[in-house]
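Reading through the structure tokens given below for one structure.
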Amino acid sequence: MEDAIAHIGDGATVMLGGFGVPGTPFALIHALVRHGARDLTIIKNDANEPDMGVDHLLKSRQVARLITTHLGLNGRAIELMNSGKIEVEFNAQGILAERIRAGGAGLGGFLTDIGIGTELAEGKQVVEFGGKTQIIEPALRADVALLHAARADSFGNLAYVATARNFNPLMAMAADCVIAEAECLLPLGGLAADDIHTAGVFVDHVTELGSLSEEYAVVQR
């Protein structure tokens, strides 16, 4: 895990999978904290809760910018934003998912009327298309994506559980380097084809947790 994380440099853009707790790569986040890369741009659906997940990166002051949908469960994130110590870019949840999907599909962006006339449209290019006013939402890509999978095989094929499928599969396609932590690592062929949610061709490194990280296990149980 440390060898894979060591490639993340200062100023990198890092996507973190997860929808609240499910799918969040807690062990890889701890490894990133220990590694110490700074001035990171973090792309994640949420900022987790105090002393959990993303909050460890915020506490160690490794985050310069956070692209997310909400911070409401994390008082530290809100305090850092309000004091100007981190920059926060908010997105509607579906828009964030589509920006990541567009990045993985090789698109430059897409048009939407969601956010017209609100703060979400500030600073974004607006065009007239199809008789409607539309915002140009740019695609998102990252240098690295850190993901959590329930199961993986030695080729890097990944299987997720429940809401872990919301952002992890999209992020796996939208980053130059993909690192996954898996609760269970199987030999090639150990995952049935229909059970694979992310194909191994998108994954660069897989590390086996062996047993769930303490943080993840406590929340799950």
Side-chain angles (χ1 to χ4, degrees), residues 1 4-5 14-33 42-57 67-74 91-101 103-105 140 142 144-175 177-221:
M1 185 175 295
I5 291 292
V14 181
M15 289 181 176
L16 299 176
F19 191 80
V21 170
T24 296
F26 291 115
L28 286 170
I29 290 172
H30 281 297
L32 182 55
V33 171
I42 298 296
I43 302 172
K44 192 180 189 301
N45 175 63
D46 54 273
N48 292 121
E49 299 177 37
D51 297 317
M52 180 186 296
V54 175
D55 191 55
H56 294 297
L57 292 167
I67 300 174
T68 189
T69 71
H70 68 94
L71 306 177
L73 298 177
N74 192 325
N91 294 260
Q93 196 166 70
I95 295 298
L96 179 64
E98 183 64 8
R99 291 181 68 189
I100 296 168
R101 191 202 67 80
L140 285 173
V144 181
L146 305 183
L147 314 178
H148 177 96
R151 294 176 294 157
D153 66 23
S154 57
F155 184 68
N157 294 309
L158 306 178
Y160 313 109
V161 171
T163 51
R165 280 184 269 180
N166 285 21
F167 283 92
N168 278 297
L170 303 178
M171 291 179 173
M173 298 176 64
C177 177
V178 175
I179 305 170
E181 61 179 52
E183 297 169 28
C184 177
L185 183 61
L186 303 169
L188 186 60
L191 282 175
D194 287 344
D195 293 337
I196 294 170
H197 301 126
T198 291
V201 292
F202 295 110
V203 179
D204 298 279
H205 306 281
V206 176
T207 181
E208 184 179 20
L209 295 176
S211 61
L212 291 176
S213 67
E214 180 179 351
E215 184 173 325
Y216 187 85
V218 168
V219 173
Q220 288 296 90
R221 295 168 187 167

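We count residues from 1, following the sequence as given.
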- Message: Any side-chain to backbone donor/acceptor pair from Thr207 onto Glu181? Under 3.5 Å, distance only.
- Response: no
- Checking side-chain contact (heavy atoms from CB on, under 4.5 Å) for the pair Leu96/Phe167: CA distance, chi angles, key distance, verdict? CA-CA 9 Å; Leu96 179 64; Phe167 283 92; 4.1 Å; yes
- Roughly how far apart are Arg165 CZ and Phe19 CZ, rounded to 0.5 Å? 13.5 Å
- Does any donor atom in the side chain of Asn74 or Asp55 lie under 3.5 Å from an acceptor atom in the other side chain? yes
- Message: Ignoring hydrogens and geometry beyond distance, is a side-chain donor-acceptor pair present between His148 and Glu183 at under 3.5 Å?
- Response: yes
- Looking at Ala164 and Pro169, what are the two nearest heavy atoms and their distance? O-CD, 4.1 Å
- Task: Assess whether side-chain contact (heavy atoms from CB on, under 4.5 Å) is satisfied between Val21 and Phe26, documenting all intermediate values.
- Result: CA-CA 9 Å; Val21 170; Phe26 291 115; 3.9 Å; yes
- Item | Minimum heavy-atom distance between Val203 and Gly156, given as atom pair plus value | CG2-O, 3.3 Å
- Message: On a heavy-atom basis, which atom in Leu73 and which in Pro50 lie closest, and how many Å separate them?
- Response: O-CD, 3.2 Å
- Query: Between Asp46 (side chain) and Asn48 (backbone), is there a donor-acceptor pair under 3.5 Å?
  - Reply: yes
- Note on the structure: Output for pair (Ile100 CD1, Ile67 CD1), nearest 0.5 Å, gives 9.0 Å
- Is a side-chain N or O of His205 found less than 3.5 angstrom from the main chain of Ala4, in a donor-acceptor match? no
- Would a distance-only check, ignoring hydrogens and angles, find a side-chain to backbone donor-acceptor pair under 3.5 Å from Asn157 to Gly200? yes
- How long is the gap from OH on Tyr160 to CG on Leu147, to the nearest 0.5 Å? 5.0 Å
- Compare every heavy atom of Ser154 with every heavy atom of Pro187, then report the nearest pair and how far apart it is. C-OG, 4.1 Å
- Query: Taking atom CE of Met15 and atom CG of Leu146, what is their separation to the nearest 0.5 Å?
  - Reply: 11.0 Å
- Message: What verdict does the side-chain contact (heavy atoms from CB on, under 4.5 Å) test give for Leu57 and Val33, after you've listed the backbone C-alpha separation in whole Å, the side-chain angles of each residue and the deciding distance to 0.1 Å?
- Response: CA-CA 6 Å; Leu57 292 167; Val33 171; 3.6 Å; yes
- Rounded to the nearest 0.5 Å, how far does OG1 of Thr198 lie from CE of Met171? 11.5 Å
- Message: Thr69: which residues meet the side-chain hydrogen bond (donor to acceptor under 3.5 Å, both in side chains) condition with it, sequence neighbours left out?
- Response: Asn45
- What pair of heavy atoms forms the shortest contact from Ala174 to Gly104, and how long is it? CB-N, 3.7 Å
- Message: I'd like to know if the side chain of Asp153 and the backbone of Leu186 have a donor-acceptor N/O pair within less than 3.5 Å.
- Response: no
- Out of curiosity, Met173 CE to Asn168 CG, how far, rounded to the nearest 0.5 Å? 13.5 Å
- Message: Any heavy-atom pair between the side chains of Arg151 and Asp195 that's under 4.5 Å?
- Response: yes
- Item | Heavy-atom closest pair, residues Leu209 and Ala27 | CD2-CB, 3.5 Å
- Message: If you apply the rule side-chain contact (heavy atoms from CB on, under 4.5 Å), what do you find for Thr24 with Val54, and how did you get there?
- Response: CA-CA 9 Å; Thr24 296; Val54 175; 5.9 Å; no
- Query: What orientation do His30 and His56 show, parallel under 30°, tilted 30 to 60°, or perpendicular over 60°?
  - Reply: tilted
